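Shown next, in structure tokens, is the structure this report addresses.
Keep in mind that what you see is a predicted model, and the values were worked out from it rather than measured. The chains referred to below are lettered A, B, ... by the order of the sequence lines, with proteins before strands, and numbering in each begins at 1.
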There are 2 protein chains.
Amino acid sequence: MGNPNRDHEYLAKLQDYFASYRSIPSYAVIGELLGMASKSAVSALVKRLSLAGYLEMSPDKRLAPTKRFFERELADFNVPAGLPAAANDAMSESLSVDDYLIPRPSSSILVRIKGDSMMDAGIFDGDIAVIEKRHAANLGDYVLAIVDNEYTLKELGRDKQGYLLIPHNPDFSPIRPTHSLEIFGVLTGLIRKYR
Amino acid sequence: MGNPNRDHEYLAKLQDYFASYRSIPSYAVIGELLGMASKSAVSALVKRLSLAGYLEMSPDKRLAPTKRFFERELADFNVPAGLPAAANDAMSESLSVDDYLIPRPSSSILVRIKGDSMMDAGIFDGDIAVIEKRHAANLGDYVLAIVDNEYTLKELGRDKQGYLLIPHNPDFSPIRPTHSLEIFGVLTGLIRKYR
DNA sequence: AGCTACATGGAACGAATGTTCGCCACCCAC
DNA sequence: GTGGGTGGCGAACATTCGTTCCATGTAGCT
């Protein structure tokens, strides 16, 4: 395999396209997109990518991406500088962000964080929390709780007087539930977007 | 229109199908799927769903789901008043988080954070950073830079002596590149997993 | 009942699809 | 060099696509 495989480059363009339009275009358009003049070249490419596990045929004979299609490479931080391009061949590990963060979609919801009460825990206003819905939690878990008809994300704690909700910000005080403490779910992931 | 619109039911089946196979089937198959015997009925349905904003034509005239296609019914969970500002942004199983965090897959890479030098910016050891590969950045951006053959994530700053890399942790000092400063990419997203 | 509105069935049609085949250009190993 | 493998080109092909037009059936209304 002396030939530097251009298939990764082709795959990348397909990934970009799918990210934009949520569909795999026809062979003719793929060719146009990748700079191929004939559909047979595309056909060959599709066979290769299918073998590699990035594409598959849906039951109705339509071309569709596989799970692996959505995986991203995970590079290690400490890579002593190879060339930046080396990150491509680093072949460390790949993962799909969704699978990584949301293993149980049906019991997970996304909640946008309001306020700074968990700032010291690295949870900022505007972040999105992945909450797994359940009513039980362990001490030390970050829980989305319902207190006085309001949702709030805090650490679940306990002292001799009972359970409390501990903020991670010196400007806030622990909340001691007056009546009952209802736990909506447990924080299992966090997503932040910059810019 | 005595008939309660069955379109929602049809939409639901399409959503299920797409969730399974990541593609929209042909009109014939859609008909089969929904119990319609003719493609003209499907054609009409597609027009309705397109008008409602659930489907659209991709640039190559292929049927594709829109963002709204992936929105989840809020009515699904009967949460007492004041549903936690649910992130309507992106909710679905497969595409959502990827789509939200990684608009350009081919130029994005995932990097696992090592060390606490950005702790005060809410970026912790073990978090995963979404880096968009490019060589230019603005002051104030968090950049993945290559300094002395090591990758490091810092804020890009500048003073009268030139560029520097600013950590967000009082225990660390700003880094002043001795020779050259190479920027590998810019931080565009952050992912953290609990437990 | 008679009428209208509308969703669907059914068939015909041109356009576009993906497959296939033979051929060429290039690169590497020998 | 020579040979073989590989990726791409170009054209022909049957199949399938989505559109279109008209007929049919049903529901609601007067």
Side-chain angles (χ1 to χ4, degrees), chain A residues 1-18 20-66 68-69 85-86 88-89 91, chain B residues 1-18 20-66 68-69 106:
Chain A
M1 183 175 306
N3 186 9
N5 230 347
R6 297 192 63 190
D7 284 2
H8 282 94
E9 177 192 333
Y10 294 150
L11 176 60
K13 287 191 180 170
L14 283 181
Q15 288 168 331
D16 283 351
Y17 188 96
F18 193 94
S20 294
Y21 303 113
R22 292 163 297 279
S23 83
I24 299 285
S26 73
Y27 283 28
V29 175
I30 292 179
E32 207 171 304
L33 211 61
L34 305 185
M36 291 172 169
S38 86
K39 291 185 291 179
S40 54
V42 176
S43 178
L45 171 67
V46 167
K47 278 204 185 87
R48 270 175 275 138
L49 290 182
S50 297
L51 268 180
Y54 292 106
L55 295 174
E56 67 182 355
M57 285 299 176
S58 68
D60 49 21
K61 317 279 191 197
R62 256 177 154 70
L63 204 53
T66 61
R68 173 179 292 193
F69 185 87
N88 276 339
D89 305 324
M91 257 325 196
Chain B
M1 185 173 302
N3 188 11
N5 234 347
R6 297 191 63 190
D7 284 4
H8 283 94
E9 176 192 335
Y10 295 150
L11 176 60
K13 287 191 179 171
L14 282 181
Q15 288 169 329
D16 284 350
Y17 188 98
F18 194 94
S20 294
Y21 304 113
R22 292 163 296 278
S23 84
I24 298 285
S26 72
Y27 283 28
V29 175
I30 293 180
E32 206 171 308
L33 211 60
L34 305 184
M36 291 171 168
S38 85
K39 290 187 291 180
S40 54
V42 176
S43 180
L45 172 67
V46 167
K47 278 205 186 88
R48 270 176 274 139
L49 290 182
S50 297
L51 269 180
Y54 292 108
L55 295 173
E56 67 183 354
M57 285 300 175
S58 68
D60 49 21
K61 316 280 190 193
R62 255 179 155 69
L63 203 53
T66 61
R68 172 179 292 192
F69 184 86
S106 69

request  = With sequence neighbours excluded, tell me which residues meet side chain to side chain contact (heavy atoms under 4.5 Å, CB included) with K61(B).
outcome  = none
message = For K47(A), give me all partners under side chain to side chain contact (heavy atoms under 4.5 Å, CB included), at least two apart in sequence or on another chain.
response = S43(A)
query = Looking at R48(B), does any N or O in its side chain come under 4.0 Å of the phosphate oxygens OP1/OP2 on dC6(C)?
reply = no
inquiry  = Whether Y27(A) contacts dG8(D) is assessed here as follows: a side-chain N or O lying under 4.0 Å from the phosphate OP1 or OP2. Is that the case?
reply    = no
query = Side-chain N or O of Y10(A) less than 4.0 angstrom from OP1 or OP2 on dG8(D)?
reply = yes
inquiry  = So, using side-chain hydrogen bond (donor to acceptor under 3.5 Å, both in side chains) as the criterion, who are the partners of Y17(B) when residues are at least two apart?
reply    = D60(A)
inquiry  = For Y21(A), give me all partners under side-chain hydrogen bond (donor to acceptor under 3.5 Å, both in side chains), at least two apart in sequence or on another chain.
reply    = none
key: Those residues that, when tested against S26(A), pass side-chain hydrogen bond (donor to acceptor under 3.5 Å, both in side chains) (two or more places apart)   = none
note = Among the nucleotides dT19(C), dT17(C), dG18(D), whichever has the atom closest to the side chain of S26(A) is dT17(C)
ask   = Residues from residues 32-42 of chain B sitting under 4.0 Å of DNA chain D, heavy atoms only?
value = K39(B), S40(B)
note = Between its two end axes (five pairs each) the helix from dA1(C)-dT30(D) to dC30(C)-dG1(D) turns, nearest 10 degrees, through 30°
Residues that Q15(A) engages under side-chain hydrogen bond (donor to acceptor under 3.5 Å, both in side chains), provided they are two or more places apart = none
Ring pair (Phe, Tyr, Trp, His ring centres under 6.0 Å) involving F69(A) - partner list, sequence neighbours excluded = F18(A)
